[in-house]
Amino acid sequence: MNGNCLQFDRNPIQDAISRIRFAPASNNLLISSWDSNLRLYDVDTSQLVFEASSEAALLDCCFQGESAAFTAASDCSITRYDLHSGMSESFGNHDDLATCVEYSNETGQVITAGWDKKIKCWDSRSMMDLSCVHTVSVGIESMSLYGFVVMVAAGLSVNMYDLRKFNNSFYSKCVDIQINCVRPYLDQGFAAGSVDGRVALKYFNPSNRNNDGYAFRCHPKAKEKRHELAAVNDIVFSPSIYGAFVTGNNDGYVTIWNAQSKKRVLEMPKFENSIASLSYNHGGQFLAVASSYTYQEANELEIPPRIYIHEMDNKYVGSFSAGGSKSYLCTAAKTLIYLSLPKFLQTFTYTLRHFLCRNFVPIFQNMSDEEHQFESKADAGASKTFPQQAGTIRKNGYIVIKNRACKVVEVSTSKTGKHGHAKCHFVAIDIFNGKKLEDIVPSSHNCDVPHVTRTDYQLIDISEDGFVSLLTESGGTKDDLKLPTDDALLSQIKDGFAEGKDLVVTVMSAMGEEQICALKDIGPK
């Protein structure tokens, strides 16, 4: 498997790569990066054919056909670029960082998401015509599109939306991992990568209702200690071989997996930086790998971001099988390529792929975790914290300072230094004891962010020693919490309970600590 590094002689990429995407029908590669530049590279001719600068860091990009592209930026803007004329125009905005952008060929809509917790649908044929807005509970890190279905990573769950009726999610699946990226598995399901090195693959219509998918730790062979896990930054599925998908992680490892046999097929040599993004070309012959220090602290100044193009060779192709023989899809694709019928190739490959997907649904057998490194759902829980780039943490967000869960009340960023990296100064309040804490972190480095949850319980009783008895959803009681130390809230709870009111308390949990933080009066008992 050969890998060639793309050359940007006139204007090399100066900061972290955020996303790379092959065009829908050519080998043009779209590249967005934190240096505020959008680039289009022709892989066939090894030439940079388009470049445009913006005023903010670009966090995502996508094609609109072959002639236009959209970007999502750190200044909350959505911008459309004409790749032929070089013209750009503002398309829309979010209220916080715009992190994701997708374009639907089926509906002509542009779908965007951001840290303002909003998913927006725009009509690309009428500028600034916002057709629909949907709000989720958390800022959105990742989003993908397959046909009419939008897949949105929201905390520990993946929400699905149908673009033809976008008002509500028609499917929501909790994957029990803190999701870093979500990618579609044709029309069969999706794969989600976590911040702690896990991948969960879920099916919409499993052949066995008790087995809707699986999760596994995708650490490389070189890592013998299983606790040394790195975030999965991207996942891509092969467009030509059913069941083949690739993961790229924070330690610089790219691994090819077979979803049908649940085996590792190939592990590429370790890259010099983290794997920021991956992309297959439309025919599946080329895999683009963006090696960038987006999520990596070590060597970020010495080794610049790079993009490699790998040609998928026969050994890789022959590693996949269906029913004990070589993939029918692989054989058909190779034959059609030999016939050189581009339009027929595109149509027939699409039809054949869906035929195989619908008629050869894989039935997974229990396999050794030691041999294939797959794990049960019970072992796929999220940790107490997850990493997040300092430059993306905003006021009212959460951060860990001195091993304490804190809420950010003020954040300021210094000017960019000679290496292109600013520093973030955080002022935060401990969410449990109210103490003020501060920290300074380079904007490109990771901070620990706590998992903060809020749960409502009905108040049943208050004991003499200050403990409360709370009614859980299952009908049991929770008796291990004391009354809050905040005088105003404490007084409200005691007075309301003494008056016989029906009270619901909100319990905030983070990093192993719990505390009552709010009160609701839902009427007399």
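This structure is a prediction, so every number in the text was calculated from the model and none was measured. Residues take their numbers from the sequence shown, with the count starting at 1. For the numbers below, each heavy atom of this structure counts, side chains included, while hydrogens, waters and symmetry mates do not.
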Taking only Lys NZ, Arg NE, NH1 and NH2, and the carboxylate oxygens of Asp or Glu, determine whether [X] and [Y] approach each other closer than 4.0 Å.
{"X": "E514", "Y": "K478", "value": "yes"}
{"X": "K118", "Y": "D116", "value": "no"}
{"X": "D60", "Y": "R21", "value": "yes"}
{"X": "K402", "Y": "E438", "value": "no"}
{"X": "D251", "Y": "K270", "value": "no"}
{"X": "R306", "Y": "E272", "value": "yes"}

Any idea which heavy atoms bring [X] and [Y] closest together, and the distance?
{"X": "I177", "Y": "L156", "result": "O-CD2, 3.2 Å"}
{"X": "W257", "Y": "C218", "result": "CZ2-CB, 3.4 Å"}
{"X": "Y103", "Y": "G108", "result": "OH-CA, 3.7 Å"}
{"X": "F22", "Y": "A288", "result": "CE1-CB, 3.7 Å"}
{"X": "A23", "Y": "H282", "result": "O-CB, 4.3 Å"}
{"X": "V246", "Y": "I256", "result": "CG2-CG1, 3.9 Å"}

Nearest-0.5 Å distance, [atom1] of residue [X] to [atom2] of residue [Y]:
{"X": "L6", "Y": "I309", "atom1": "CG", "atom2": "CD1", "result": "4.5 Å"}
{"X": "T107", "Y": "D123", "atom1": "OG1", "atom2": "CG", "result": "8.5 Å"}
{"X": "Y81", "Y": "F63", "atom1": "OH", "atom2": "CZ", "result": "13.5 Å"}
{"X": "L266", "Y": "T255", "atom1": "CG", "atom2": "OG1", "result": "8.0 Å"}
{"X": "L145", "Y": "R183", "atom1": "CG", "atom2": "CZ", "result": "11.5 Å"}

Can you see whether [X] engages [Y] through a side-chain donor-acceptor pair at a distance of less than 3.5 angstrom?
{"X": "N249", "Y": "N233", "answer": "no"}
{"X": "S509", "Y": "E513", "answer": "no"}
{"X": "S104", "Y": "Q109", "answer": "no"}
{"X": "W34", "Y": "S18", "answer": "no"}
{"X": "N273", "Y": "S292", "answer": "no"}
{"X": "N93", "Y": "S77", "answer": "no"}
{"X": "D42", "Y": "N27", "answer": "no"}

**Asked** Given F271 and Y308, is the ring-ring contact (aromatic ring centres under 6.0 Å, His included) satisfied, shown in steps?
**Response** CA-CA 10 Å; F271 287 81; Y308 298 89; 5.5 Å; yes

**Prompt:** Mind checking whether N11 and N37 have side chains closer than 4.5 Å, heavy atoms only?
**Reply:**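 With C-beta onward as the side chain, the pair touches.
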
For the aromatic rings, using the six-membered ring if either is Trp, is the centroid distance between [X] and [Y] under 6.0 Å?
{"X": "H451", "Y": "F386", "result": "yes"}
{"X": "F286", "Y": "H310", "result": "no"}
{"X": "F190", "Y": "Y185", "result": "no"}
{"X": "F50", "Y": "Y41", "result": "no"}
{"X": "F91", "Y": "F70", "result": "yes"}

**Request:** Please step through side-chain contact (heavy atoms from CB on, under 4.5 Å) for the pair E141 and T99, ending with a clear verdict.
**Result:** CA-CA 6 Å; E141 290 278 3; T99 56; 5.6 Å; no

**Asked** Has the side chain of S54 got a donor or acceptor atom that lies under 3.5 Å from a matching backbone atom of A56?
**Response** yes

**Polar side-chain atom of T392 near backbone of Q389 as donor-acceptor pair, under 3.5 Å** = yes

**Message:** Evaluate N159 against V136 for side-chain contact (heavy atoms from CB on, under 4.5 Å), listing each step before the verdict.
**Reply:** CA-CA 9 Å; N159 296 339; V136 295; 4.0 Å; yes

**Check against salt bridge (charged side-chain N to carboxylate O under 4.0 Å, His left out), D430 and K435** = CA-CA 5 Å; D430 190 310; K435 291 183 178 180; over 6 Å; no

**Audit row: S414, H425, side chain to side chain donor-acceptor pair (under 3.5 Å) steps and yes/no** = CA-CA 8 Å; S414 65; H425 178 209; over 6 Å; no

